Structures are given as structure tokens and as C-alpha cells.
Amino acid sequence: MNTSPFALVTAIGLLSLHTAAQAGGFIEDSKATLSMRNFYINSDYRSGGKATDPSKVEEWGQAFILNYQSGFTQGPVGFGVDAIGMLGLKLDSGSHIGKGSRQPGTMFPRESDGASTDDFSSLGLTAKVRMSRTELRYGTLMPKLPVVNYNDGRLLPQTYEGGQITSKEFDNLTLIAGQIEHVKDRNSSNYESISIAGSKADSNQFRYAGADYQLTKNLTLQYYYGSLGDFYKQHFLGALHSQPLGSGVLKTDLRYFDSRSDGANGHEPAYYANGYYDGGSAVKGKIDNRLYSAMFSYSVAGHTLGAGYQGLEGNSDFPYLEQGNGKTLYTITNAQIGKFIHAGEDTWHVRYAYNFGNVGVQGLNAGVAYWHGDNARYQTGDRSEWERDLTVSYTVPRGVLKGVGLTVRNAMYRPGFPGQRDQDETRVIINYSIPLL
């Protein structure tokens, strides 16, 4: 990891603290929260695989996340600094790689012998500057955008290092632009360069920009652009609409991605990505993908019923920033295990959720979702896959344990690709946050 960005962050942070002695906003508007997460995961691989592959991966850990956000110094230009400290502790995990059927999974970093570490931690600092309704941030970022989305599917969240500017100078319009230089994965303490699945090369430059425009009270239009240097360029168009209908609300979510090869990815094998099918035997190649989807959901009296379709065109799978340890994609097929983003794949999706607060049980929610993908391209012919996810969550609404949340997720994934095994997975997550400031 380069030290210069964090030297800059620290310098600006110290300047902010010095200025804060004469500007109360820095201290008065500060917030600090200690979040605790207890995470258990059980992945049961039910078929196939080599003799050395584990039949089950089971891990359990405890996380502590201290999040501090300062206010801004007073004046036309305000300065501030944020900090996030993260600690993950192993409560249980498998033994060394290759020793027994119960082996380590993806929750913790690995020692040199393949065993899970007992703990891992990191500290992220972010300098911020605000002028009018525009804010510049540099340091640790956790973007949640169509073209780049951090992953929070294990004990600690994934973070990025870079800079981002967000402007809301114009009513109903939000403008965002930034550059990411490094990524720290969800089971790591170290930053590294950025890459895509299957590539032997990497990059320190992912640039992005976009806009959200609220055209009417019920309609928001989106455009975003992302570019990973020497790998791919990606355009995104989206529309979000809500419409009262009868006693409920009908929501429409339309998305379109156009992803193309950039630079070395078009001719250098080291930059090729997994999931390329041009009718030959190659399984790696240049980025060439168009993804489009439509999702409709209707909510009434605590019930939400949704249905959608996603299609992919082109010779490659959908591209995204990926280090090999988990991903969160801005697609309607971002399921617990599968992602349904193979070249040529057509996926139908249905979901149902119920908020039990409608019958007096505040804080209790449950839902079920199902995806079925067909025509996914593979070198030996088209394939199919499906997944069913169940989720039950409860947050204590009042009393001594107010705010304690329990979530249970169960997924059943059945891929039709050679070398991929059926998988059943259960996650149990307990969250609790304590405000410190």
C-alpha cells in the first residue's frame, strides 16, 4: 500500500483538528459509533469435487467496527476527517488446507500454512472538504454505486482507497466523480491493486462519474460511467419509478449496462478475463457485454411481491472489480451465492417479502427469492442454474436490547456448470451498535 495518500489524510486531519479549536462545528457535529457483528456461516457442498475439496466450510467470528465522523470547521470552506477502525476475531474455523474435510473458508486471512489467522484489523482515514453543497473526500471509501459497490458479505466490509467528489449544487441533481487506486478485501488487512476475475495483471486506476436526477417526485434517472485502466469501460443507464396504485405502491426499476474492452484487455492475454466465449475453445478473452434488466414490485399492507427479468448479450461475462473473495453487484440477480451474469444468460426472478409490523410484531421481516437462469454460454454448450434464498430478520424495537438485530439467511444454489458443485449455505448474523458521540 502506498503511504503518501494516508500522509495527506493525516496532515489534513491535523489541520482540521487545529482549526477546530476556533470552529465548534468540527466537534459539535462529530459522531462516533461502535458496531459489533457476530457472524456464523455454514457452506455445505453436496456433490462432486475432488477428494481434497472440503464437503463443508464452517466459520464463526466476532467483529468490532469503530466509526468516527467529524463535523466540518466553520467558514465558507469546511474541513473534517473520518476514521474507521476494524477488528475481526476468529471464534471457530477449519484446520489447515489439505488436512481433513473441515477446512478454512473465506471469512479470515490465511497464514503461510493455509490456516486461518486468529485476528485481523485495519484502520482507515478519510480527509474531507466541504464548500457550499459540494464535498470532496480522499482516503478510505465505501462506494455504493452502479459501477462500483463495496462488499459487506462477511465479518468485515471491503473498503477502497481513493478520492471522490459529490455535488448537490443543483436542486434534484446529484453529481459524483472519483478515482479508486487500491482495494482492501473483506478478509484482509492490506490494500492491493485492482483487477478482474481471471486476469494475471492489475491496475491502480478505476475512474468513475455519474448523475442522479429526480425528474419528478416519483421518477429518478441515472447515468454512470466506470473505467478500469487497460481492462474495460462501462456505461450505465437506470430509471427508478414509484406509482401509487390502489392501496399500495408499484415500483419499477430499469437498468442497462454496456461494457467494452479497453487498452491491453483487447490484445494482451495477461489482461484477459474469465468468461469469454466466441464459439471456440477459449475461456478467457476481452470484455464484450451488454446487460439489461427490468424489475417490478408491488407493496401493500406489509406484503411486497416482485418479478423481473435480466438478459446478457455479447461474448463475455459481465465485468466488475473482483479480487477473488466476494462481490456485490448492482444487478437484480445479486443473490446470496450465485450472480447469474454469464454471457448470453437469461434470468427470471421472483420474490416475496412480508413486514410483520403490519400485524403488530414490530421489527420482524421475512422474505423468499428465486432466480432461474438459462442459455448461459459455456465452451461445451449452454447451461442453466438456479437459486432460492430465504431471509428472516428481527430487530428489537424497545427495551434494554433495543437495536439488537438478528438475521438468518439460507440459500440453495444449483449450478449446471462442469466443475461447480451444488451448495447449501446458512448465515446467522447478530448486529448491535452503540452510539458513543
Side-chain angles (χ1 to χ4, degrees), residues 143-151 153 158 180 183 194-199 203 206-208 210 222-238 253-263 265-266 271-279 282-295 308-349 369 371-379 382-387 413 415-417 420:
K144 205 170 184 62
L145 303 169
V147 293
V148 55
N149 205 339
Y150 80 94
N151 180 268
Q158 178 188 51
I180 288 172
V183 58
I194 309 167
S195 190
I196 57 178
S199 175
S203 173
F206 180 78
R207 293 177 174 173
Y208 59 95
Q222 299 175 295
Y223 169 76
Y224 281 85
Y225 170 79
S227 173
L228 181 60
D230 269 325
F231 284 97
Y232 68 88
K233 295 180 178 179
Q234 187 174 78
H235 297 269
F236 169 81
L237 291 172
D253 185 344
L254 305 177
R255 307 179 188 184
Y256 174 75
F257 288 90
D258 188 320
S259 308
R260 310 276 179 164
S261 174
D262 179 53
N265 175 256
Y271 287 82
Y272 286 169
N274 282 342
Y276 176 77
Y277 311 101
D278 63 350
V283 293
K284 290 188 177 183
K286 64 181 183 179
I287 300 299
D288 173 38
N289 184 273
R290 265 71 60 204
L291 182 152
Y292 48 92
S293 66
M295 186 75 191
Y309 166 80
Q310 177 176 285
L312 286 84
E313 296 178 348
N315 289 323
S316 78
D317 294 351
F318 178 75
Y320 53 90
L321 306 184
E322 211 267 322
Q323 306 301 116
N325 290 315
K327 52 190 173 290
T328 297
L329 307 179
Y330 190 71
T331 63
I332 67 170
T333 58
N334 187 64
Q336 181 169 320
I337 302 175
K339 302 305 174 187
F340 301 85
I341 53 171
H342 298 283
E345 189 164 14
D346 298 299
T347 302
W348 291 96
H349 170 47
W371 296 264
H372 186 94
D374 289 311
N375 306 315
R377 294 172 65 181
Y378 193 74
Q379 63 263 37
D382 292 351
R383 302 287 176 166
S384 299
E385 56 180 335
W386 63 266
E387 179 169 335
Y413 177 57
F417 301 93
Q420 290 192 26

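Quick note: residue numbers are just sequence positions, from 1. Predicted model, so just to flag it, every value in this text is computed and none were measured.
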Asker: For residues Asp317 and Asn274, determine if any side-chain heavy atom of one lies less than 4.5 Å from a side-chain heavy atom of the other.
Answerer: no
Asker: Would Tyr223 and His235 count as having a side-chain donor-acceptor pair, cut-off 3.5 Å?
Answerer: yes
Asker: Quick check: does any side chain N or O of Lys284 sit under 3.5 Å from a backbone N or O of Gly198, one acting as donor and the other as acceptor?
Answerer: yes
Asker: Would you say Lys233 has more than 12 foreign heavy atoms packed within less than 6.0 Å of its NZ?
Answerer: no
Asker: The criterion is side chain to side chain contact (heavy atoms under 4.5 Å, CB included); which residues satisfy it with Arg260, sequence neighbours excluded?
Answerer: Asp258, Asp288, Arg290
Asker: Looking at every heavy atom in both Phe231 and Ser203, which two are closest together, and how far apart are they?
Answerer: CE1-CB, 3.9 Å
Asker: Using modelled atom types only, decide if a donor and an acceptor are shared between the side chain of Trp371 and the backbone of Asn334 within a distance under 3.5 Å.
Answerer: no
Asker: Report the residue from Asn149, Thr328, Val183 that forms a side chain to side chain contact (heavy atoms under 4.5 Å, CB included) with Gln158.
Answerer: Val183
Asker: Run the side chain to side chain contact (heavy atoms under 4.5 Å, CB included) test against Tyr378 and tell me which residues pass, sequence neighbours left out.
Answerer: Tyr277, Thr380, Arg383, Phe417, Pro418
Asker: Side chain of Asn315, backbone of Tyr276: donor and acceptor closer than 3.5 Å?
Answerer: no
Asker: For a ring-ring contact (aromatic ring centres under 6.0 Å, His included) check, start with the C-alpha distance between Phe236 and Tyr330, then their side-chain angles and the critical distance, and finish with the verdict.
Answerer: CA-CA 10 Å; Phe236 169 81; Tyr330 190 71; 5.6 Å; yes
Asker: Using a 4.5 Å cut-off on heavy atoms from C-beta on, say whether the side chain of Gln310 contacts that of His349.
Answerer: no
Asker: Can you name the side chain to side chain contact (heavy atoms under 4.5 Å, CB included) partners of Tyr309, sequence neighbours left out?
Answerer: Tyr292, Asp346, Trp348
Asker: Please work out whether the ring planes of Tyr413 and Phe340 are parallel, tilted or perpendicular, with thresholds of 30° and 60°.
Answerer: perpendicular
